[in-house]
Amino acid sequence: MRKSTAGLLLLTIACTAKVVPYVDEVNAWRATKDQFMQRSEESPIQSERRASFPPLTYFPIEADYRVPAMLTVARGQDVLEIPTSRGERRPHQRVGKLSFTLKGQLHTLTAFLEVGQQDMRRLFVPFGDLTNGTETYPGGRYLDLERTATGIYDLDFNRAYHPFCYYNPAYDCPYPPRENRLPRPVRAGERMGPDGQ
């Protein structure tokens, strides 16, 4: 096949590739999580409850809760002992500060890696907000971000999720530190269901 023909074929494939709408993409991610909770051996739900465990409850998907964030990398090996749901303290390394604008206001969140963690490709962002204790788990929620070479991150609160200790107290989950408590409600992502689950 000549180069020009191959290039035309690739261009045709790229132009006809189906682009998944954002809402459908998030809904598919949520459906995959429901399957994990109901069927996986690694689910935090006790095995005898998995088959009858209902789908998770979420706030409506809002594109305004998906924002770009710039990571300012921390200097040195700054370690913070984060309290956990079982009264322990777990060391986490501050990777840096994520700066972003949400609903017209500038905010920051610290991104972490657990000390001793082998996988350096994902940043851990625990956060609290004004929905905690009323609409979401009192201990806060989490975001996971894939590391990028540019320092620009896709901060999508529609993918915020409750820690496993919300479903099973046998798990030990870090609470968001004070620096990661947003002074606003974030009505996006996972929320408590009508029965508190």
Side-chain angles (χ1 to χ4, degrees), residues 22 25-26 28-30 32-33 36 42 44 56 58-59 61-133 135-166 171-191:
Y22 171 65
E25 181 185 316
V26 175
W29 179 82
R30 292 175 175 182
T32 300
K33 182 160 185 184
F36 169 82
E42 296 179 5
L56 298 176
Y58 293 93
F59 290 100
I61 298 168
E62 266 192 63
D64 287 351
Y65 280 110
R66 182 188 190 190
V67 295
M70 179 70 185
L71 180 72
T72 302
V73 177
R75 295 182 178 180
Q77 300 287 317
D78 187 12
V79 173
L80 178 66
E81 296 273 339
I82 298 181
T84 70
S85 56
R86 297 180 68 183
E88 305 292 331
R89 298 188 76 82
R90 193 179 301 173
H92 284 75
Q93 179 187 336
R94 285 186 177 99
V95 176
K97 289 271 188 192
L98 291 157
S99 302
F100 59 97
T101 300
L102 184 63
K103 304 278 187 176
Q105 292 185 323
L106 182 63
H107 297 285
T108 61
L109 287 172
T110 302
F112 295 93
L113 285 175
E114 191 166 350
V115 171
Q117 179 180 324
Q118 299 301 312
D119 188 356
M120 304 291 283
R121 294 171 298 174
R122 181 170 291 182
L123 302 181
F124 173 55
V125 185
F127 74 96
D129 69 276
L130 298 184
T131 67
N132 297 157
E135 299 170 271
T136 61
Y137 174 55
R141 291 178 289 166
Y142 297 164
L143 289 168
D144 293 319
L145 303 179
E146 298 296 323
R147 293 192 84 161
T148 71
T150 64
I152 305 294
Y153 286 81
D154 181 15
L155 195 60
D156 190 351
F157 288 99
N158 292 296
R159 296 176 190 258
Y161 64 94
H162 287 142
F164 280 0
C165 56
Y166 173 63
Y171 284 82
D172 189 32
C173 305
Y175 288 138
R178 185 174 298 167
E179 65 201 71
N180 273 16
R181 297 197 174 270
L182 298 173
R184 64 174 306 129
V186 177
R187 292 189 172 93
E190 200 174 323
R191 63 180 300 176

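Quick note: residue numbers are just sequence positions, from 1.
- Classification of Arg94 and Asp78 as a salt-bridged pair holds, one side-chain N sitting under 4.0 Å from a carboxylate O.
- Geometric assessment of Arg187 against the ring of Phe59 yields a negative cation-pi assignment under the 6.0 Å and 45° thresholds.
- Residue Glu42 places its CD atom among 12 or fewer non-hydrogen atoms of other residues, nucleotides or ligands, all under 6.0 Å distant.
- Using a 4.0 Å cut-off between charged side-chain N and carboxylate O, Glu146 and Arg122 make a salt bridge.
- Using a 4.5 Å cut-off on side-chain heavy atoms (C-beta onward), Phe112 and Pro174 make no contact.
- In terms of the side chain to side chain contact (heavy atoms under 4.5 Å, CB included) criterion, residue partners of Leu130 (sequence neighbours excluded) are, by chain and number, Pro185.
- Aromatic ring pairs are classed by plane angle as parallel below 30°, tilted from 30° to 60° and perpendicular above 60°; the pair Tyr137 and Tyr175 is tilted.
- For Phe157 and Phe127, the ring centers sit closer than 6.0 Å to each other.
- Partners of Arg89 under the side-chain hydrogen bond (donor to acceptor under 3.5 Å, both in side chains) rule, at least two apart in sequence or in another chain, do not exist in this structure.
- Salt-bridge check for Glu179 with Lys97: passed, with a basic side-chain N closer than 4.0 Å to an acidic carboxylate O.
- A side-chain contact (heavy atoms from CB on, under 4.5 Å) with Arg90 is found for one member of Arg86, His92, Glu88 and no other, namely His92.
- Scanning for side-chain hydrogen bond (donor to acceptor under 3.5 Å, both in side chains) contacts around Arg184 gives Gln105, with sequence neighbours left out.
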